[in-house]
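All values reported here derive from a predicted model rather than from experimental measurement. Basis for what follows: all heavy atoms, side chains included, without hydrogens, waters or symmetry-related copies. Positions are given from 1 along the sequence.
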Amino acid sequence: MDIPYDLIHKLENKYGTMSNVPENSATLIKIRNIFWENESLSNIENQLELENKVIQYVSEGYNALDIAKKTNKGIRTIRGLINRLHLKLKPQFNYVAINKNTGQKIFSTSFKNYEAITKQRVKFADSAKIYLYKKGYVLREARGVYRWKKLKNGDQYFSGKELCTKC
């Protein structure tokens, strides 16, 4: 940013100090406009940089809270940006059912989603493990979360109650 020292010195020479310059001085208004213009350009650049980071993190499967932590912004700011940019957060998965024969993986946020495979009502993770085992699957619970980015093409996942395949 170019600081208009020549204009500042002109006002200081005329009034002795900047604090004595009248608020309606055309030169003072010009100086303020220069600073505001540069500041708003800087804010726009920062906003664009934040938007690009949010888009990247959403595509990698981070949730709003994780994005807020990574960008050092508030959760409301991040949620507002996600809404304004019409982004859809990818699910983060807590469970994976692995087919013992084929190795096919089916990810889910809840063990209850596996009712679609077991055709049994599942109230507990242990009962889901038993029912899935009978159908040829092993159920594993994540130590953290399985992020969208880590899923391979062809892996399946539950989005709500719908079974989808990552392409």
Task: Test side-chain hydrogen bond (donor to acceptor under 3.5 Å, both in side chains) applied to D66 - qualifying residues, sequence neighbours left out - done: R147
Check for a donor-acceptor pair, side chain of [X] on one end and backbone N or O of [Y] on the other, with a separation under 3.5 Å.
{"X": "Q92", "Y": "G61", "answer": "yes"}
{"X": "Q104", "Y": "G154", "answer": "yes"}
{"X": "S25", "Y": "P22", "answer": "no"}
{"X": "N113", "Y": "K161", "answer": "no"}

Could you tell me which non-hydrogen atom of [X] sits nearest to which non-hydrogen atom of [Y], and how far apart they are?
{"X": "V58", "Y": "K90", "result": "O-CG, 3.6 Å"}
{"X": "P91", "Y": "Y157", "result": "CG-CD1, 4.5 Å"}
{"X": "A125", "Y": "Y95", "result": "CB-OH, 4.3 Å"}
{"X": "A68", "Y": "I78", "result": "CA-CG1, 3.7 Å"}
{"X": "A64", "Y": "R79", "result": "CB-CG, 4.0 Å"}
{"X": "A116", "Y": "K119", "result": "O-NZ, 2.8 Å"}

Is the [atom1] atom of [X] crowded by more than 12 outside heavy atoms at less than 6.0 Å?
{"X": "R84", "atom1": "CZ", "answer": "yes"}
{"X": "K14", "atom1": "NZ", "answer": "no"}
{"X": "K166", "atom1": "NZ", "answer": "yes"}

Once you round to the nearest 0.5 Å, how far does [atom1] of [X] lie from [atom2] of [Y]?
{"X": "K105", "Y": "Q156", "atom1": "NZ", "atom2": "CD", "value": "13.0 Å"}
{"X": "T118", "Y": "I130", "atom1": "OG1", "atom2": "CD1", "value": "11.5 Å"}
{"X": "K129", "Y": "K134", "atom1": "NZ", "atom2": "NZ", "value": "15.5 Å"}
{"X": "D155", "Y": "Y146", "atom1": "CG", "atom2": "OH", "value": "11.0 Å"}
{"X": "F107", "Y": "I98", "atom1": "CZ", "atom2": "CD1", "value": "7.5 Å"}
{"X": "Y133", "Y": "K100", "atom1": "OH", "atom2": "NZ", "value": "3.5 Å"}

- [ ] Show the numbers, then the answer: is there a side chain to side chain contact (heavy atoms under 4.5 Å, CB included) between L11 and I31?
- [x] CA-CA 10 Å; L11 287 175; I31 292 170; 3.7 Å; yes
TODO: Check the pair F93 / F158 against ring pair (Phe, Tyr, Trp, His ring centres under 6.0 Å), numbers first and verdict last.
DONE: CA-CA 9 Å; F93 307 103; F158 283 99; 9.3 Å; no
Hydrophobic clusters here meaning ILVMFWY residues chained together by side-chain heavy-atom distances under 4.5 Å, can you tell me if [X] and [Y] are in one?
{"X": "L132", "Y": "F124", "value": "no"}
{"X": "Y62", "Y": "L65", "value": "no"}
{"X": "I29", "Y": "Y15", "value": "no"}
{"X": "L81", "Y": "I55", "value": "yes"}
{"X": "F111", "Y": "L163", "value": "yes"}

TODO: Test side chain to side chain contact (heavy atoms under 4.5 Å, CB included) on Y57 and T71 and set out the steps.
DONE: CA-CA 10 Å; Y57 289 139; T71 59; 4.0 Å; yes
TODO: Just jot down the salt bridge (Lys or Arg N to Asp or Glu O under 4.0 Å) partners of R32, sequence neighbours excluded, or say none.
DONE: E23
- [ ] May I have the step-by-step check of side chain to side chain contact (heavy atoms under 4.5 Å, CB included) for N46 and L50, ending in yes or no?
- [x] CA-CA 6 Å; N46 290 341; L50 177 62; over 6 Å; no
Open item on the list: Using the side chain to side chain contact (heavy atoms under 4.5 Å, CB included) criterion, which residues pair with E49? Sequence neighbours excluded.
Closed with: K53
Task: Min side-chain heavy-atom separation L28-M18 under 4.5 Å - done: yes
Open item on the list: Walk me through whether V122 and Y114 qualify under side chain to side chain contact (heavy atoms under 4.5 Å, CB included).
Closed with: CA-CA 8 Å; V122 178; Y114 294 112; 5.8 Å; no
